Structure formats: C-alpha cells, structure tokens
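Working notes for the structure below.
As the structure is a prediction and not an experimental result, all values here were calculated from the model. To find a chain, count down the sequence lines: A is the first, B the second, and so on, and within it residues start at 1.
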Protein chains: 2
Amino acid sequence: MSDRSNPGAGKDRAFVNGLARGLKVLASFSPDRIRMSLGELAKATGLPKSTIARLVHTLVETGYIYVCPDSGRYSLHPKVLTLGYPVMASMDKRLVALPMMQELADYSRGTVSLGIRDGLSMILIERSRDRTVRALPLDIGSRIPMETTSMGQAYFAAAGTAEQAAILEQFKTHDPSRFQDVERTLRAAEKEYAEKGYCTAVGIWEDDVNAVGVAVTLSNDVLAAFNCGGPASRITEDSLPGLGVRLTDLARHFQTADWVGQLPPRPYRGVQTP
Amino acid sequence: MSDRSNPGAGKDRAFVNGLARGLKVLASFSPDRIRMSLGELAKATGLPKSTIARLVHTLVETGYIYVCPDSGRYSLHPKVLTLGYPVMASMDKRLVALPMMQELADYSRGTVSLGIRDGLSMILIERSRDRTVRALPLDIGSRIPMETTSMGQAYFAAAGTAEQAAILEQFKTHDPSRFQDVERTLRAAEKEYAEKGYCTAVGIWEDDVNAVGVAVTLSNDVLAAFNCGGPASRITEDSLPGLGVRLTDLARHFQTADWVGQLPPRPYRGVQTP
DNA sequence: CAAAATCGTCCCGCATAGCGGTATAGCGTA
DNA sequence: TACGCTATACCGCTATGCGGGACGATTTTG
C-alpha cells in the first residue's frame, strides 16, 4: 500500500517541520552575519522566501528575533541567551574551575577554556584569558573542531570506547575522504594522552596557535575538557609540556574538589515571560 | 477552538504555531526542572500530551533536546548554547570589561555583573565573582527583575524617555496592581541616579543582598548596566556609596576604552552542523 | 500483591495551518 | 528609466500538524 512515494528517509508523521525550520533560521546567524534580511536568510537556510517570511514573523512575535531599528534587518534578540541558561546552570560545577582557570591563564599568558562535545565539535562553556592579552578568547557557546584542537583530542582520548566509536562513525559518514587522517590523528592523540596525561596541538588548528588539553568530568558525569593555549609568540612549543602538567594538575584539583553542598539553597529567582 | 499561544491579533496566517510552541517547550526548562518527562512538559507548557510528544520528537531529532540515558527523561542539549553565541559575539566589547569587573569583585568581595534588558527583566551577559566567596553568581543568560535590582534601576534611569515610557506601559499591562509602586520605585531610582550617578538596592530584591548599579552603552549602542553587590555580611550598607563611586569609575573607564581595532581579524572558525 | 498513577507510543479522522509560487509596492542605485 | 533589492500580500492546494483516546509497559502507591 505504499502509494506514498517517499520510502527512503520515510516520512515522519511526528516531525514538526515548522519547528525544525524555525530553529534552522535561528541557527543560521553567525558572528559574521549578525544581521540579515529575509533574502539573506533564505539564501543561508535554503528555504523559500515566503517561508522565511512566515518563520521570521513568528520569531519576531515570540521575541527571539527583532528588527534592527535603523537597518530594518533582522537580528537575534538577547532573549535567546535565556534558552541556554538552564544548561549553564546544570553545569555549575565549572564555576569552581573559574579561579583555577584564571590563575593558569595569567601564568601562561594565554587562554584557558572548558568545553563539551556536540557532534564533531566542542562547545565552549567557560573561558578565561590572561589579563594582559588583548586578543579575545572564543566566547561561551562557540564551537571549535574536535580533531584539530587539543581540547577535542583530549576529549576523544578520555571518552569511552562506545562514544569513540560513535564519533568515528559520525566522522566517517560526514566526510569520508578525510576519515583516514582524522582517525589516525585521534588515535595518536589517544596514545599521547595515555602516556603523558594531556594532548598537545601545535599549530594544527590555526597556524601559530599552540595548546594543551586535558579531560575532566563535570558533576553530572558529563565529560568535558580543558585547554590552555594561545599564539605561538606567547605559548611557545617548548613551554607546552610544562603547561600540560599544570593543566593536569588543574584538572585533578577540579575533579577532586568537593562540590556537593556548596550550592547555596537559591531558589530560581528568574523572571518568567515578560 | 485552537488556542493561540500568542495573544493579540486574531488570525495570523503568517504565524507558525508549531515553531512558537516548540520554543515554548525549550523555554519551559529551568534550573529547577532540568529534566522533564513528556507529562511534565505538557503541564509546564499547557499543551496536550500528544502535541508535546511531537514537538519533543522534533527537538530530539534536531539535537536541541536529548533523552537522558538513565532516567529516560528529556533535557536540554548543550547545543542550545550555540544559538546564543552570535549574540554574545555581537557584544564582544563586554570582554574589555571583564578584567575591570574581576578587579572590583575581588576588591568588594562580592559579585560584579553586566546585563541588558529584555522585557521587564535584565539578562546577565557577563559576571565575575570574588575568588574567596563560595556563593555562585547568577550565571550568564539568567534573568533578574528590573524594578527591584540596582542593575535594572540603573538601566531604567539611563534609558531614553521613549524606552522608559515603553517599559512603564509594559508594567502597567502586565501587572496593573503593582504598577503604582513600580513606577514610584523607578522614578525614585531615576532621581537617585541623576544625583549620585548610581542606584542602590538595599535588600529589596532579596533580603540580605545589597548592591549598586550603573549603566553603560555597549559598542553597538545597546544600553546595558553593571551591578556590584553581594550578601549583606560582605557588602554592608555603609560600603555602598564607596562601591557606587568605584562602579561609576569602572563604567567610565569601560565607556572610554577604545575598542575599535582591538578585534583581531579572526574569521569565524566555528564549525557548522555536525 | 494489587491498585493507581505515570510513563511513552500508537492510531486515526479531521480541518486547517502552513506551504510556496507569484505578484505587488517601496527604496536606493546605476 | 530600468534594475536590484527590500518586505508584504494574495491564494489555491494538500500535506500536515492536531489532539482525543486507547494501549501496554513501568513504577509508585496503598
């Protein structure tokens, strides 16, 4: 009886298309394209223009997008930050890491970040930078690739075999041509991590950027990873072993820090809708 | 009939209900309820169970919600953080404030935060805490009310007359019974701000919490406000004037710091979908 | 140990909500 | 004036999301 002509992916009756597309619109913004017109959004998402108009209209009504007063174009409203807040709050243990991170950032004259995995990339959930450096650290919520960063490599190395397999599988389907290289890189990282206790990345993510990475688990058993790095002018290749040891120390202190009971009994004082 | 989750105009052909409802689902999570079952979500959003099932299914497929392995309940995926990243990146000037904020936090032995307005509340976009204090600062993305916090009051005082009118109007329609008090409070705050250059809030948001607030504008002409405060045991009422002066100094330094050109020519190295 | 309450999933008829092509009006530019 | 770009409006179609109810499996309760 399959007169319905879509066998491949199989039409999913329980899939709300409008929702998925609207999220695609929200996700199509990037630091490069902060403000976009309907046409640009249509191009960025690949959706027809009238559809975009409807979705954007809805997003404006709900307050997640606003029209820029002068340019008349559309931009993400800071309200989207509130969507992520419960996530941040659920990983509050990272706050005990903040002073340690700041200390190491000052010592190394670089940047120290903490991130977790999403798909094939790492999402930064905390960062601190040396006070003297003018460069910006990547901000909370930004993504960096897994296979070419010390953070991502350390994460992979510390992941369980099941998760590792899943990651590799995802790499395989995502970009088969690079898969061989990626797998070799990650396995090498795993080996390095087992031997030294940290991963090093010398100019493989961006030229001129060196870093070390170490994995930890957050309070809710979520795997995460620190990195410490910066431009080669500040973080020399020779200094990486020392930083690696310091970062593993940091991770150990963080890991063993007793956190239970430090939470003040703060009820959620957040405000609701308006 | 079909209740529209959005009041106001009657039939809006261009309103994608599924999208609005899905966002409502995402927004229904809070630090108190990090993991929810379909039934809980139905209760929290007021939507029928089968509708929730469809929406959640879509959100799981798109990766914004995941099923907690052990409990089997649903939780926000850290991926939602990436939605807010462009917003953070567009306000990168706040990063120059970070060292100043940390310094003041250490000095005051309290917490220094920066926030912007959304509706009738303030959303925190940056925070730093004294290294010795165990209490958590409210995290990035969290909301605090406007009328009862020094940050919100300072914001209101520094807002233009048009925005002030809009805010008051919103208060009026949102909670008419409290409107009189709110307006009196905000006008008093305005007066205080004009005289002293900062607003003080002594135990009016939470008992036992004192704070001062000062407004600034971010690089993109977005109005924002700092606060500096903490529990009364650390931030005494007597110390507030001194902190107020320091905070206005901080704001002035931040405001006059030349920021243009400090941005390194960093292309967006973020990773896309997977 | 049974009763009660949830849990998530499935089903299905229905009406409409969302779709997208096309057409239009307003700006700024070439 | 003709063009490219905005955003908005229109409109017929049907795929699509809707929601009540039933279902079996678990878990909690008494």
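- Atom pair B:Arg21:CZ and C:dG18:P shows a separation of 9 Å (rounding to whole Å applied).
- Between A:Thr45 and A:Arg21, every side-chain heavy-atom pair lies at or beyond the 4.5 Å cut-off.
- What you find for B:Phe179 and B:Leu168 is that their closest heavy atoms are CE1-O, 3.2 Å.
- In this structure, CD1 on A:Ile116 lies 11.5 Å from CD on A:Glu126, to the nearest 0.5 angstrom.
- Judged by closest nucleotide on DNA chain D, A:Ser37 is the one of A:Ala14 and A:Ser37 placed further toward the 5' end.
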Subject >> Heavy-atom protein contacts under 4.0 Å, nucleotides 20-27 of chain D, coded B base, S sugar-phosphate only, - none >> reply: B-------
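- A:Glu61 has no carboxylate O lying under 4.0 Å from a charged side-chain N of A:Arg54, or vice versa, which leaves the two without a salt bridge.
- In this structure, the CG atom of A:Leu38 is 12 Å from the P atom of D:dA9, given to the nearest Å.
- Rounded to an integer number of Å, the gap from A:Lys43 NZ to D:dG4 P is 13 Å.
- Rounded to whole Å, the distance from CD on B:Glu40 to C1' on C:dA5 is 13 Å.
- Atom-to-atom distance recorded for B:Leu218:CG and B:Leu114:CG is 6.0 Å, nearest 0.5 angstrom.
- Separating the CG atom of A:Leu47 from the C1' atom of C:dG18 is a distance of 13 Å, rounded to the nearest angstrom.
- Contacts between residues 52-64 of chain B and DNA chain C, defined by a heavy-atom separation under 4.0 Å, are absent.
- With contacts defined as side-chain heavy-atom distances shorter than 4.5 Å, the pair A:Ile123/B:Tyr85 does not qualify.
- A 4.5 Å side-chain heavy-atom check between B:Val25 and A:Leu19 finds every atom pair outside the cut-off.
- In this entry the distance linking CZ of A:Phe15 with C1' of C:dC19 reads 16 Å, nearest Å.
- Rounded to whole angstrom, the span from the CG atom of A:Leu41 across to the C1' atom of D:dC5 amounts to 15 Å.
- To the nearest 0.5 angstrom, B:Ser28 atom OG is 7.0 Å from B:Ile52 atom CD1.
- Taking all atoms of both residues into account, the shortest heavy-atom contact from B:Phe254 to B:Arg94 is CE1-CA, 4.2 Å.
- Across the protein-nucleic acid pair, A:Leu19 atom CG and C:dA17 atom P stand 17 Å apart, rounded to whole Å.
- How far CZ of A:Phe29 is from CD1 of A:Ile65: 4.0 Å, rounded to the nearest 0.5 Å.
- The phosphate of C:dT6 has neither OP1 nor OP2 within less than 4.0 Å of any side-chain N or O from B:Arg73.
- At D:dC18, none of the side-chain N or O atoms of B:Thr51 fall inside 4.0 Å of OP1 or OP2 (strictly under the cut-off).
- Axis angle, first five pairs versus last five pairs of the helix from C:dA4-D:dT27 to C:dT24-D:dA7: 50°, rounded to 10°.
- Counting only heavy atoms from C-beta on, A:Tyr74 has its side chain closest to D:dT8 among D:dT8, C:dG18, D:dG17.
- The shortest non-hydrogen separation linking A:Met88 to B:Ile140 is CG-O, 4.2 Å.
- Taking CZ of B:Arg73 as the start and CG of B:Leu41 as the end, the distance is 9.5 Å to the nearest 0.5 Å.
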